[in-house]
There are 2 protein chains.
Amino acid sequence: MGVRAEQAAQTASALKQAAREQFLQRGYLNTKITDITAAAGRSTGSFYDHFGSKDELLQALLEDMHRDARADVTGQDLSGQHPADHDLTDRAQLRAHLAAAWQVMRSNLPVMMALFESGMAEPGSDRAWRQLTSDTDMLRRHLDFLQQRGDRLLGPPELVAAAMGAMLSMLAYSILPGGTAGYSDDQVVDTLTELLRTGLVGGS
Amino acid sequence: MGVRAEQAAQTASALKQAAREQFLQRGYLNTKITDITAAAGRSTGSFYDHFGSKDELLQALLEDMHRDARADVTGQDLSGQHPADHDLTDRAQLRAHLAAAWQVMRSNLPVMMALFESGMAEPGSDRAWRQLTSDTDMLRRHLDFLQQRGDRLLGPPELVAAAMGAMLSMLAYSILPGGTAGYSDDQVVDTLTELLRTGLVGGS
DNA sequence: GTCTATACACAGATAGAC
DNA sequence: GTCTATCTGTGTATAGAC
C-alpha cells in the first residue's frame, strides 16, 4: 500500500468514525456532510473522494458492522451458523439470546439508529416490516423448532418473533441513547426475559 | 362566523387533511410545504396564513387527535377518567386494552408516525423515553394496581409498561403503513394478548 | 489526496397585488 | 383570504489549485 493510499484509508476511516459520532448526536437525517467532515478535521471536498453520498457512507458502515459481527460469531462458533435447536423456553437460553441482541444494539447504536431513521423516511414501502422480519429470522427459526418439538405456540412464529424484535429494538432506541431511563442493562434484560417466559404476571 | 372566516376554516381544514395524507405517503420530514399546499389545491403562500411552520401544523394535528380521543372516551365514560382497577390478568380485559390501543394507532397513523419521526431527529434528548413512558402511563397504573392487589410482577411496572408499549407501537409502525405483512388486526391483537398473558409458550 | 472556492438546487418564508 | 412572485438561507456537489 503506497503512502497516498494509506493516507486515503486513514481519511476514510476518520470520516466513518466522525459519521458514527454525528449520527448519534444529531440523528442521521439532520447530519450534514459538512458536520462529518468538520468533525473529522477534513475539508468538505474530501468527503466525495471516498463516498458518493451520505447514504453510501451508511452502507459502508453497515458492512463494517456485519464484518465485525461475523468475526465475533466465528470466534465463538466455527461453523458460522447459528444452530436452530435452542430451547427458548429455558430461562438461561432465552436470557442469553436477549442479552446478546441487546448488546449488539448497544455497541452499534449509531448505525442501527441511522438505518432505522432513514427507513422511517419512506413509509409507503414495507421496508420497516421486511427489516423487522429479517432481523428476527433467527428467532423465528427457534420458534419453528419449538413448534416442531410439540410445544403449543400462541401465534404464527414469524409474527411472534417480530413482536419480540419490535419490543427489543424500540426499547433500545428509547433507552440506550439517553441513558436517563435509570435501568441497568441487566435489569432490562431480566425483565424482558421474565415477560417473555411467563407473561405479564409470573406463574412461578 | 363571517364568510371569509368560514372560507379560512375550510382552507385550514383542507391543509390539515392534505398534510395527513402527505405525511403518510412521504414521511413527515420528506414532506415539503409545497407538497401539502399542492395536495390541498392551494397556493404556497396560503399555508403561512394558517400555520407558522410545518411543526406548528403537526402540533395542531396532535391537538385534534387529543380532542377526538377525549370525545370518544367521554362518549363511553362520563367521568372522563380511565379507572385504574382493571385486571390485566383477565384475558378479555387485556385483549380489550390492546385492541383499543391498536385501533387508536390505526386511525391516527399519520400523526403518530410524524411525531415519531420528528422525535427521532433529536436523539441526544431522552424524548423517546419520555414519550414512551407517558404513552404507557395508564398501563403502568394498571400494573401498580395488580401489584398492590398482591400479584407478583416480573419487573418495575414502569419498565414493563414501556416494554408493552414499545412492542405495540413498533409493530404498528411496521405493519400498518404497508399492509403487506399479511396479518389481520385480530390476529395481531390475539397473538399479543396470548404473548403477554402466558409468555412465549402458552401454559393453558 | 486534499484543499479552497464556487456553482447549483431547493425549501422556507415574505411582500404586495387582487 | 388567497394568490403570484421573489428573496434568502442552506446543503450538495463539482472544479481546479496545490
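Throughout, protein chains are lettered first and strands after them, A, B, ... in sequence-line order, and every chain is numbered starting at 1. The structure presented is a predicted model; accordingly, all values stated were derived computationally and were not measured.
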Report summary line: Rounded to whole Å, the CZ-P distance (Phe51(A) to dA13(D)) equals 14 Å
Query raised in the report: Between dT12(D), dG12(C), dC3(D), which nucleotide has the shortest distance from any of its atoms to the side chain of Lys54(B)?
Result: dG12(C)
Query - Atom pair distance, as rounded to whole Å: CZ in Arg26(A) and P in dG11(D) - result: 10 Å
Query - Given dC3(C), dT14(D), dT2(D), the nucleotide with the shortest approach to the side chain of Tyr48(A) - result: dT14(D)
Report summary line: Asn30(A) atom CG is separated from dG11(D) atom C1', nearest whole Å, by 12 Å
Query raised in the report: With a 3.5 Å cut-off and no angle check, do the side chains of Gln131(A) and Asp135(A) form a donor-acceptor pair?
Result: yes
Query raised in the report: Can you find a heavy atom in the side chain of Met113(B) that is under 4.5 Å from one in the side chain of Met120(A)?
Result: yes
Report summary line: Against the side chain of Ser53(A), the closest entry in dA13(D), dT2(C), dT2(D) is dA13(D)
Requested in this report: Considering only NZ, NE, NH1 and NH2 on the basic side and carboxylate oxygens on the acidic side, decide whether Arg149(A) and Asp85(A) come within less than 4.0 Å.
Outcome: no
Report summary line: Quick note, Thr44(A) side chain, CB onward, closest among dA13(D), dA13(C), dG1(C) is dA13(D)
Requested in this report: Ignoring the backbone of Lys32(A), work out which of dT12(D), dA13(D), dT2(D) is nearest its side chain.
Outcome: dT12(D)
Query raised in the report: Taking the side chain of Ser46(B) as its heavy atoms from C-beta onward, which of dG1(C), dG1(D), dC3(D) lies nearest to it?
Result: dC3(D)
Query raised in the report: Would a 4.5 Å heavy-atom cut-off, applied to side chains only, mark Tyr173(A) and Ser169(A) as touching?
Result: yes
**Report entry** Whole-Å distance separating the CG atom of Leu29(A) from the C1' atom of dA11(C)
**Finding:** 15 Å
Requested in this report: Report the nucleotide, chosen from dG1(D), dT2(C), dC3(D), that has the shortest atom-to-atom distance to any side-chain atom of Asp49(A).
Outcome: dT2(C)
**Report entry** Minimum-distance nucleotide to Thr34(A) side chain [options: dT2(D), dT2(C), dT12(D)]
**Finding:** dT12(D)
Query raised in the report: Rounded to whole angstrom units, what separation is found between the CZ atom of Phe47(B) and the P atom of dA11(C)?
Result: 14 Å
**Report entry** Side-chain touch Phe23(A)/Leu61(A), heavy atoms, less than 4.5 angstrom
**Finding:** yes
Requested in this report: Let me know the distance between OH of Tyr28(B) and P of dA11(C), rounded to the nearest Å.
Outcome: 15 Å
Query raised in the report: Can you tell me how far P of dT10(D) sits from CD1 of Ile33(A), to the nearest Å?
Result: 17 Å
Requested in this report: To the nearest Å, give me how far apart CD (Gln7(B)) and C1' (dT2(D)) are.
Outcome: 8 Å
**Report entry** Residue-phosphate contact under 4.0 Å: His50(A) side-chain N/O, dG1(C) OP1/OP2
**Finding:** no
